[in-house]
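Within every chain, numbering begins at 1; the chains are lettered A, B, ... in the order of the sequence lines, protein sequences first and strands thereafter.
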Amino acid sequence: MGLGADMYRQQILDHYKNPRNYGELEDADIEHVGENPMCGDTIKMFVKLADDGVTIEYVSFVGDGCAISQASASMLSKELQGRSLESVEAMDRDDIVEMLGVELSPMRIKCAVLAEKVVQDAIAIHNGEIEIDETTTE
Amino acid sequence: MGLGADMYRQQILDHYKNPRNYGELEDADIEHVGENPMCGDTIKMFVKLADDGVTIEYVSFVGDGCAISQASASMLSKELQGRSLESVEAMDRDDIVEMLGVELSPMRIKCAVLAEKVVQDAIAIHNGEIEIDETTTE
Amino acid sequence: MSQQAETLDIERIRADFPILEREFDGTQLVYLDNAATTQTPEPVVETITEYYRKYNANVHRGIHQLSQEASIAYEEAHDRVAEFIGAAGREEIVFTKNTTESVNLVAYAWGLNELGPGDEVVLTEMEHHASLVTWQQIAKRTGATCKYIPITDEGRLDMEAAEELITDDTEMVSVVHVSNTLGTINPVSELAAIAHDHDSYVFVDAAQSVPNRPVDVAEIDADFLAFSGHKMAGPTGIGVLYGKEHILEGMEPYLYGGEMILKVTFEDSKWNELPWKYEAGTPVICQGIALAKACDYLDEIGMENIEQHESELAEYAYDRLTAEGDVEVYGPPGDDRGGLVAFNLESVHAHDLSSILNDSAVAIRAGDHCTQPLHDVLGTAASARASFYIYNTKAEIDKLIEAVDDARQLFA
Amino acid sequence: MSQQAETLDIERIRADFPILEREFDGTQLVYLDNAATTQTPEPVVETITEYYRKYNANVHRGIHQLSQEASIAYEEAHDRVAEFIGAAGREEIVFTKNTTESVNLVAYAWGLNELGPGDEVVLTEMEHHASLVTWQQIAKRTGATCKYIPITDEGRLDMEAAEELITDDTEMVSVVHVSNTLGTINPVSELAAIAHDHDSYVFVDAAQSVPNRPVDVAEIDADFLAFSGHKMAGPTGIGVLYGKEHILEGMEPYLYGGEMILKVTFEDSKWNELPWKYEAGTPVICQGIALAKACDYLDEIGMENIEQHESELAEYAYDRLTAEGDVEVYGPPGDDRGGLVAFNLESVHAHDLSSILNDSAVAIRAGDHCTQPLHDVLGTAASARASFYIYNTKAEIDKLIEAVDDARQLFA
Ligand SMILES: Cc1ncc(COP(=O)(O)O)c(C=O)c1O
Ligand SMILES: Cc1ncc(COP(=O)(O)O)c(C=O)c1O
């Protein structure tokens, strides 16, 4: 009998219990909300850009949901600081799995990638590539 | 290997090849048509009543279809002469199976009972019990 | 903890379910996701293999021996299912692919033709998406309105509200018999009586009741009733729609094609007799025959015994889960519910809980259980649900409780 | 009579089908009703039993191990079927319960919403009731009109007539790929090109082609294509609808309920991604997984080989049946047809023939084969049909011919 040790390494539990960069950002350049209705996970991401308009200066989030989704948002918010919008748009689920450092069952990957998807959609909206109010994942 | 001997006893083949009472009846008191669309069997029965109005004097038929359906109509046309309408209405599939004198698989019973069903509906129409143009069996 | 004698001869029953012997990392499976899908006993699996190995054939119109055997078995399967729920005969039993399709059949064949502006469909707040989404969308298309009977704090239907919501404008009352989330056993006969007083039909979603308690359509006086094979020891890919003969007789067909017609020309078509009128194309032959076998299997155990067994397990699980004070169980008290408990642990999200339980080989469901609007009413997005069947034991519930305790500690 | 070498290793194949060993009164079954339903090989039957004995569970949202295993297998089954017919991916593959439901899905989800007075649906005189009755009835409900491409004396589509019938008013061309009565192989790519020239969709009924020849949806450029599991060595209770992704994306849903939604409130609902948007309720899980296995099984034999084998058998049967001069075979000549022959013996009604053949354990179908309007065109109410699959041999056709001869004598 395991204690869920694999999927809930100390790091994830720590980010879940003490989320980094948590809170709304008043002067965000980009903000966008997403949810995973089947899980009930919701995440809103706030992005502040550097003066060049293509580099991320600061990211914060608010959200509600399972440990995986919330820890993933917390870790991602750190990860994104200083990165170019372009490089963020190129991220995929493998990057998230690597960031989390745990093996995820297929059904839980949906929780893990929500934050990433919200940020990517936020950037796409910012760039005028798509028009949606809200990101909804399966 | 059987020669279909069971289901196609001499009597049935004989009635199929030489149908009795075959032909339209000009002065019929009752006439009615029925079909079994899935098989393509059609039968039209003509009934002439005795003066009492409740006894069958003579029956003829015309039709098209498989040996079982046509032989059944031929044998039934003989069987019915002199019977009361009431007793005909009370007939059921067992009577037909007995009349044919062969074992029928469930799928072929539909062919066998078509003639009986046409006559019974004809009588019901004559008695004002039902109103249909045509009998259709499954 | 779990010393009481069992109502059922569990050891004997479990021997019919080899899947229950599965081990994950050396730990034996504890399968508590039966409200989603029950496991399939060997006699049913053998019925399936026997079908394919001995008499697989298309039905209804084949004169050859295999087709006759398959046709008779398939038609008799309708009789068997009719008997199982107290229907008059095969005319009232339509085989579909699941409960969801059974609801849609009535929504399309009856609702789309009969509903219009001013008409109302009365549902409950605890409806499964199968009926809730279907009636909502058919109402949208026809201009009819959906109303929802609210639930009380205890998770029961507010019957006073029901009396008010069901009016002469009501054309259909669609109600779940046993809630798959709350475990509430709804007073469906009473609702049917109210509906009939207003000349409304009543549709009973029996997906969670037919599998585990005696259900009699005549006693309920249901106009329609639906359930799924895969939730009652049967195969996937089959559902049942019961309908009163005269109602099914009067309705338009739903799916068009072969088998459901008597006569076809380029211009028009005539429909076949019941129930075939509603079974277009090659039907779910093997699945229907296997479902009949599942009815045999359950009847042999006895539906009253199954009901009692489930109540005992539900009460035991309810009591043990609520003992710590940090678990909220949704729905009525432990001694008055179907065989399931949906709950939330204060400190652990349902999905995390399910993942952690899975590490102990305890299989439960976590999510919205296809009752999102009900979850909104309950004020939570997701819940964990343990649900029981004929092969579950109190010892397995003890394992559930242990694993919940592990999660509690991990997230402390 | 039948001395030629076989394209397939028939002995090896037959070993996978224990049902073919069945004897009736000491005579071994000769199963020639494959256009109705094919037999199911052991690897597929074992896939079914393995599912129920090892990982039966509800799919999509279960976090526990069994549900993960079932979900992955079920989702990958869509990929496998996509690959089998050259579709882009699982988004384009919807599992239904049979071909008939696949047609109805499009008729309801697209036709009921998009068709109206002035719009035309072009069918063929050789359509199966699955498409003929469905489009006829949906047209009736929407005010659209159905037109039928006539057949030539040889039982081929009159392509000149097709060019005229398909116009800018045409919204849908629904055509059977291989006729289940005539054996005609229709030029579906050509028809698709004509349809697309007029901005019409084309729906290909591939129930009789996907089982026995290579079919590539991209090559045909079909907008929709449908077939059934039970006609291609798979189980009963599953059909497939292929649809181009952008078309499926744009269509309204058909069945409503769980699994097909993303979000539900009491007021409205949002739909799930493809293909799940069209698979409401607990899907045909075991059947989907078993169908994927049937694809493996057929691909191992090789679809080109199967096609050649069927052509050989059809030609052989055609030649032998017509040798006596008192048999009318419907459709094109023996060297240009799918693996079936529908025929009538001058002196013996098809039903009687089938009964007599059954006494020799030869299983054929007799009736209208769900093409009543075509039979009207052919001028007969019923026909006898022998249809072949991977396990049939020329020696079996010899037995058919012998039994036909018995009937001839009996009725002489
Ligand atoms: C050409 C054709 N289309 C459609 C069908 C209908 O298939 P199903 O009965 O599996 O829905 C059949 C088989 O009966 C067929 O031969
Ligand atoms: C109460 C209730 N109704 C309907 C359904 C739908 O059943 P299915 O998915 O078999 O169509 C379920 C099961 O998910 C259920 O629990």
Ring center gap for C:Trp271 and C:Tyr256 short of 6.0 angstrom = yes
Measure C:Leu353 against the heavy atoms of chain D and call it side chain, backbone, both or neither at under 4.5 Å.
-> neither
Pair count under 4.5 Å, heavy atoms only, with chain D: among C:Ala366, C:Cys146, C:Ala57, C:Ala139, highest is C:Ala57
Can a donor-acceptor pair be found between the side chains of D:Glu127 and D:Thr124 at a distance below 3.5 Å?
-> yes
Picking from D:Leu132, D:Thr49, D:Val133, D:Val264, which has the most non-hydrogen pairs under 4.5 angstrom with chain C?
-> D:Val264
Comparing D:Val362, D:Asn358, D:Thr96, D:Ile48 against chain C, the one with the most heavy-atom pairs below 4.5 Å turns out to be D:Asn358
Tested for side chain to side chain donor-acceptor pair (under 3.5 Å) against D:His230, the lone hit among D:Thr38, D:Thr99, D:Thr37 is D:Thr37
In terms of heavy-atom pairs under 4.5 Å, which option from D:His128, D:Glu46, D:Glu125 contacts chain C the most?
-> D:Glu125
Which answer fits C:Lys140, side chain, backbone, both or neither, if we ask what part of it has an atom under 4.5 Å from a heavy atom of chain D?
-> side chain
Return the minimal non-hydrogen interatomic distance between C:Pro235 and C:Ala290, and the atom names on each side.
-> CG-CB, 3.8 Å
Largest heavy-atom contact set with chain D, pairs under 4.5 Å, which of C:Asn98, C:Leu66, C:Asp268 | C:Asp268
Relative to chain D, which of C:Val44, C:Val103, C:Asn34, C:Ile261 shows the most heavy atom pairs under 4.5 Å?
-> C:Ile261
Engaged part of C:Gln39 at the chain D interface, taking heavy atoms whose separation is under 4.5 Å = both
Please indicate whether C:Lys293 has more than 12 foreign heavy atoms, meaning atoms of other residues, nucleotides or ligands, lying under 6.0 Å from its NZ.
-> no
Using a distance-only test with no angle check, is there a side-chain donor-acceptor pair under 3.5 angstrom linking C:Gln136 and D:Ser269?
-> yes
How close do D:Ala36 and D:Lys231 get, heavy atom to heavy atom, and via which atoms?
-> O-NZ, 3.0 Å
Option that, when pairs with chain C are counted at under 4.5 Å, heavy atom only, ranks first among D:Thr236, D:Thr100, D:Leu105 | D:Thr236
Interface check, chain C: of D:Ala280, D:Cys370, D:Gly367, D:Ser228, most non-hydrogen pairs under 4.5 Å belong to D:Ala280
Scored by heavy-atom pairs under 4.5 Å with chain D, the best of C:Glu267, C:Arg53, C:Lys97 is C:Arg53
Partner set under ring pair (Phe, Tyr, Trp, His ring centres under 6.0 Å) for D:Phe95, not counting sequence neighbours | D:Tyr74, D:His78
Atom group of D:Gln65 that falls short of 4.5 Å from chain C, counting heavy atoms = both
In terms of heavy-atom proximity below 4.5 Å to chain D, should C:Tyr148 be classed as side chain, backbone, both, or neither?
-> side chain
Would you name the heavy atoms of C:Gly237 and C:Gln287 that are closest together and state the gap between them?
-> O-CG, 4.1 Å
Side chain, backbone, both or neither: which part of C:Phe17 has an atom under 4.5 Å from a heavy atom of chain D?
-> neither
For each of D:Val284, D:Asn56, D:Thr40, tally heavy-atom pairs with chain C at distances under 4.5 Å, and name the one with the top tally.
-> D:Asn56
Tell me, out of C:Asp368, C:Asn104, C:Leu20, who's got the most heavy-atom pairs with chain D below 4.5 Å.
-> C:Asn104
Best-contacting candidate, C:Lys54, C:Gln137, C:Met260, against chain D by heavy atom pairs under 4.5 angstrom | C:Gln137
When the 4.5 angstrom heavy-atom criterion is applied to C:Phe24 and chain D, the contacting part is side chain
How close do D:Ala386 and D:Leu400 get, heavy atom to heavy atom, and via which atoms?
-> CB-CD2, 3.9 Å
Which atom of C:Gly111 lies closest to which atom of C:Ile138, heavy atoms considered | C-CG2, 4.1 Å
Criterion side chain to side chain contact (heavy atoms under 4.5 Å, CB included) on C:Val30 and C:Leu32, from CA distance to verdict | CA-CA 6 Å; C:Val30 174; C:Leu32 302 178; 3.8 Å; yes
Can you see which heavy atom on D:Glu101 is nearest to which on C:Glu101, and at what distance?
-> OE2-OE2, 4.1 Å
Which bit of D:Glu42 comes within less than 4.5 Å of chain C, counting heavy atoms only: side chain, backbone, both or neither?
-> side chain
What part of C:Ile238 lies closer than 4.5 angstrom to a heavy atom of chain D: side chain, backbone, both or neither?
-> neither
Non-hydrogen atoms of chain D under 4.5 Å away: do they reach the side chain of C:His351, the backbone, both or neither?
-> both
